[in-house]
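The structure displayed is predicted, hence computed values, not measured ones. Labels below follow one simple rule: chain letters A, B, ... track the order of the sequence lines, proteins then strands, and each chain is numbered from 1.
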Protein chains: 2
Amino acid sequence: MSKISGAESHIMEALWTRGPLTAEEIVQTVGPAQEWGEATVKTLINRLLKKKALASERAAGRALYRPIVSREEYVTGESQGLLDRLFGGQIAPLVAHYARHRALSPDEISRLKDLIAELETDDE
Amino acid sequence: MSKISGAESHIMEALWTRGPLTAEEIVQTVGPAQEWGEATVKTLINRLLKKKALASERAAGRALYRPIVSREEYVTGESQGLLDRLFGGQIAPLVAHYARHRALSPDEISRLKDLIAELETDDE
DNA sequence: CCCTAACGGTTACAGCCGTAATTTGACGTG
DNA sequence: CACGTCAAATTACGGCTGTAACCGTTAGGG
């Protein structure tokens with residue numbers, strides 16, 4: 001349960017978005033984008049198996065890999081860590097920082113506003 | 001210019017918040033919190049020197065360490081990567097995710113709202 | 001001035017990460 | 001049934017990270 005590393009996360013993304021895949025399919029999907037050889041992808045799959053982030057089941061002679069860790073869990077872990085470490089666990093400072101460094105499009109702003117409004121009514 | 005690691009970041013935080021410090025002061029500040037011995041802190045300081053994240057100047061016989069990398073730069077690097085990797089570079093999904101997993105206090109919500117309002121008027 | 005204690009820098013070492021080659025094991029074919 | 005083939009797992013290896021001991025140099029007390 002160590003922690004999914006940067007390289008490993010690309011394998012997970014493939015499985016999260018495309019569902020259970022064979023090794024071959026994973027290689028096809030993520031290999032070219034990352035410029036990884038087949039061997040590298042295999043290694044990452046096995047590391048993820050060892051970390052219990054994936055399970056392999058054997059179907060029609062081939063191994064099929066499926067995520068055990070959900071993307072939701074992963075995203076939560078990553079972003080919570082960052083929030084806590086850098087912004088005192090509060091989201092407003094993060095948004096402020098983001099706004100200072102990347103222009104928020106009017107569209108993004110309005111989506112944020114809607115979201116906030118929703119949270120407000122939800123909450124009381 | 002490699003990249004400031006997790007352990008190293010605690011040293012940086014001490015310097016960012018307290019200003020230039022001697023090794024002794026860094027040890028006092030961050031050692032107990034992280035349960036690190038003096039030697040460990042020394043190592044981290046030297047790694048940061050090698051990475052050009054810190055500079056040391058010699059004042060009154062003692063070495064004073066000061067950050068070269070600003071906290072702003074560091075925070076930007078860290079959070080930009082996460083936003084891009086996990087939320088397609090957009091902040092609204094992050095806020096939504098956060099809201100789903102940690103209750104936003106009414107106070108946080110109102111701070112967000114104020115922030116958004118400010119961004120809106122700024123923008124046009 | 002010299003000696004020693006403290007300080008700062010160097011070395012150490014195991015585990016993880018990125019990248020990959022090599023070996024093992026199962027499966028079909030002659 | 002032996003053999004080759006192809007996929008899966010094991011091994012490799014250099015660099016970084018976390019954790020720390022050790023050593024050379026410098027500064028202050030005698």
Between [options], which one does the side chain of [X] approach most closely?
X     : options               : value
B:T43 : D:dT17, C:dT11, D:dA8 : C:dT11
A:R62 : D:dT17, D:dA8, C:dT19 : D:dA8
A:S5  : D:dA8, C:dA21, C:dC17 : C:dC17
B:S56 : C:dA21, C:dG9, D:dA20 : C:dG9
A:L49 : D:dA9, C:dT19, C:dA20 : D:dA9
B:K42 : C:dG18, C:dC7, C:dA20 : C:dC7

Integer-rounded Å distance: [N] [atom2] and [X] [atom1]:
X     : N      : atom1 : atom2 : value
A:E38 : D:dA8  : CD    : C1'   : 11 Å
A:L48 : C:dT19 : CG    : C1'   : 15 Å
B:N46 : D:dA20 : CG    : C1'   : 13 Å
B:L21 : C:dG8  : CG    : P     : 12 Å
A:R58 : C:dG25 : CZ    : C1'   : 10 Å
A:E35 : C:dT19 : CD    : P     : 10 Å
B:Q28 : C:dC7  : CD    : C1'   : 14 Å
A:K3  : C:dC16 : NZ    : C1'   : 13 Å

With B:E8 as reference, evaluate B:K50, B:K51, B:K3 under the salt bridge (Lys or Arg N to Asp or Glu O under 4.0 Å) test and give the passing residue.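 Per the salt bridge (Lys or Arg N to Asp or Glu O under 4.0 Å) rule, the option paired with B:E8 is B:K51, out of B:K50, B:K51, B:K3.
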Within-4.5 Å side-chain heavy-atom neighbours: [X] and [Y]:
X     : Y     : answer
B:V27 : B:W36 : no
A:R71 : A:E13 : yes
B:Y74 : B:M12 : no

Between B:Y65 and C:dC7, is there a side-chain N or O to OP1/OP2 distance below 4.0 Å?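 For C:dC7, OP1/OP2 do not have a side-chain N/O of B:Y65 under 4.0 Å.
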Does C:dA20 have its OP1 or OP2 closer than 4.0 Å to a side-chain nitrogen or oxygen of A:W36? no
Give one of base, sugar-phosphate or nothing for A:T40, where a contact means two heavy atoms less than 4.0 Å apart. base
Counting the atoms with a prime plus P, OP1 and OP2 as sugar-phosphate, which does B:R47 contact under 4.0 Å by heavy atoms, base, sugar-phosphate, or nothing?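 B:R47: base contact, heavy atoms under 4.0 Å.
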Do you know which of A:T29, A:L21, A:I45 makes side-chain contact (heavy atoms from CB on, under 4.5 Å) with A:I11?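 Going through A:T29, A:L21, A:I45 one by one, the side-chain contact (heavy atoms from CB on, under 4.5 Å) with A:I11 is satisfied by A:I45 alone.
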First of B:E24 and A:Q34 reached from the 5' end of DNA chain C, by closest nucleotide: B:E24
